[in-house]
Amino acid sequence: DGGITQSPKYLFRKEGQNVTLSCEQNLNHDAMYWYRQDPGQGLRLIYYSQIVNDFQKGDIAEGYSVSREKKESFPLTVTSAQKNPTAFYLCASSLQGDSNQPQHFGDGTRLSIL
Amino acid sequence: GQQVMQIPQYQHVQEGEDFTTYCNSSTTLSNIQWYKQRPGGHPVFLIQLVKSGEVKKQKRLTFQFGEAKKNSSLHITATQTTDVGTYFCAGSQDDYKLSFGAGTTVTVRA
């Protein structure tokens with residue numbers, strides 16, 4: 001079955017620690033996205049990548065970093081500079097990197113501060 | 001920046017009743033998408049509207065795009081318990097990004 005796999009499902013971060021959230025897709029999609037979901041605020045775009053080896057900042061990129069070395073993978077690092085990292089993180093992909101394409105989401109990673 | 005507002009934030013519906021959730025943008029949109037997120041789940045794409053005044057139906061769900069392409073609505077008739085979840089609209093201004101509304105969370109009284 002094709003889809004998007006996010007891991008881990010739950011993640012805990014200590015103060016001053018960087019953590020990396022994994023996102024893998026086998027849909028052969030060009031574009032991948034990272035969103036943050038907080039209660040009552042919908043989905044906010046952190047980073048997106050339209051093609052391998054290229055990515056752009058979204059609306060709330062500060063304190064986050066990404067890489068896109070492989071088409072299938074788009075890991076998100078939450079750095080210690082992100083002072084309020086507790087949230088539900090969703091990875092998505094679309095066939096192409098334009099807004100007319102439906103986005104397919106993974107099951108998410110819930111990040112909490114220890 | 002572009003903002004997409006959704007109302008109401010919460011909708012409590014008696015099973016069998018109809019309800020509507022609304023999505024409004026401060027700017028003209030090139031297209032609008034609707035997603036549903038079940039409790040504990042992830043958003044799932046429902047539909048996309050592109051044309052001014054467009055209306056699309058999926059069984060008991062009716063989606064509409066406004067004439068000015070600044071607003072959209074989702075109307076559900078004869079609500080069932082399977083309709084529980086959060087419905088998001090997401091709009092775009094001809095770029096590569098979707099702006100999501102905050103969602104309408106629907107609960108159903110049996």
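All values derive from a computational prediction rather than experimental measurement. Naming: A, B, ... by sequence-line order, numbering from 1 per chain.
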Using non-hydrogen atoms and a 4.5 Å limit, figure out which bit of A/Gln96 sits close to chain B: side chain, backbone, both or neither.
neither
Checking heavy atoms, do the side chain of A/Gln41, its backbone, both or neither come under 4.5 Å from chain B?
backbone
[Y] reachable from [X] in the ILVMFWY side-chain graph, under 4.5 Å edges:
X       : Y       : result
B/Phe19 : B/Ile47 : yes
A/Leu11 : A/Leu76 : yes
B/Leu74 : B/Val13 : yes

Trace of the side chain to side chain contact (heavy atoms under 4.5 Å, CB included) decision for B/Phe88 with A/Leu43
CA-CA 9 Å; B/Phe88 294 99; A/Leu43 280 68; 3.9 Å; yes
Residue part contacting chain A, namely of B/Tyr10, when any heavy atom lies under 4.5 Å
neither
Of A/Gly108, A/Pro39, A/Gly97, the largest count of non-hydrogen pairs under 4.5 angstrom with chain B goes to A/Gly97
Max heavy-atom pair count under 4.5 Å with chain B, selected residue of A/Asn100, A/Asp107, A/Asp38:
A/Asn100
Under 3.5 Å, side-chain donor or acceptor atoms of residues 101-110 of chain B against the rest of the protein: list the pairs with distances, not counting sequence neighbours.
unit_1, atom_1, unit_2, atom_2, d
B/Thr104, OG1, B/Pro8, O, 2.5
B/Thr104, OG1, B/Thr21, OG1, 2.6
B/Thr105, OG1, B/Thr86, OG1, 2.9
B/Thr107, OG1, B/His12, ND1, 2.6
B/Arg109, NE, B/Gln14, OE1, 3.4

Side-chain contact, heavy-atom cut-off 4.5 Å: B/Phe45 with A/Phe105?
no
Chi angles and distances behind the side-chain hydrogen bond (donor to acceptor under 3.5 Å, both in side chains) call for A/Gln37, B/Gln37:
CA-CA 12 Å; A/Gln37 186 173 29; B/Gln37 184 175 23; 2.9 Å; yes
Is there a ring-ring contact (aromatic ring centres under 6.0 Å, His included) between B/Phe100 and A/Tyr35 once you walk through the steps?
CA-CA 10 Å; B/Phe100 281 78; A/Tyr35 292 93; 5.3 Å; yes
When you measure from the side chain of [X] to the backbone N and O of [Y], does any donor-acceptor pair fall under 3.5 Å?
X       : Y        : answer
A/Tyr33 : B/Lys97  : no
B/Gln48 : A/Pro102 : no
B/Gln33 : A/Gln101 : yes

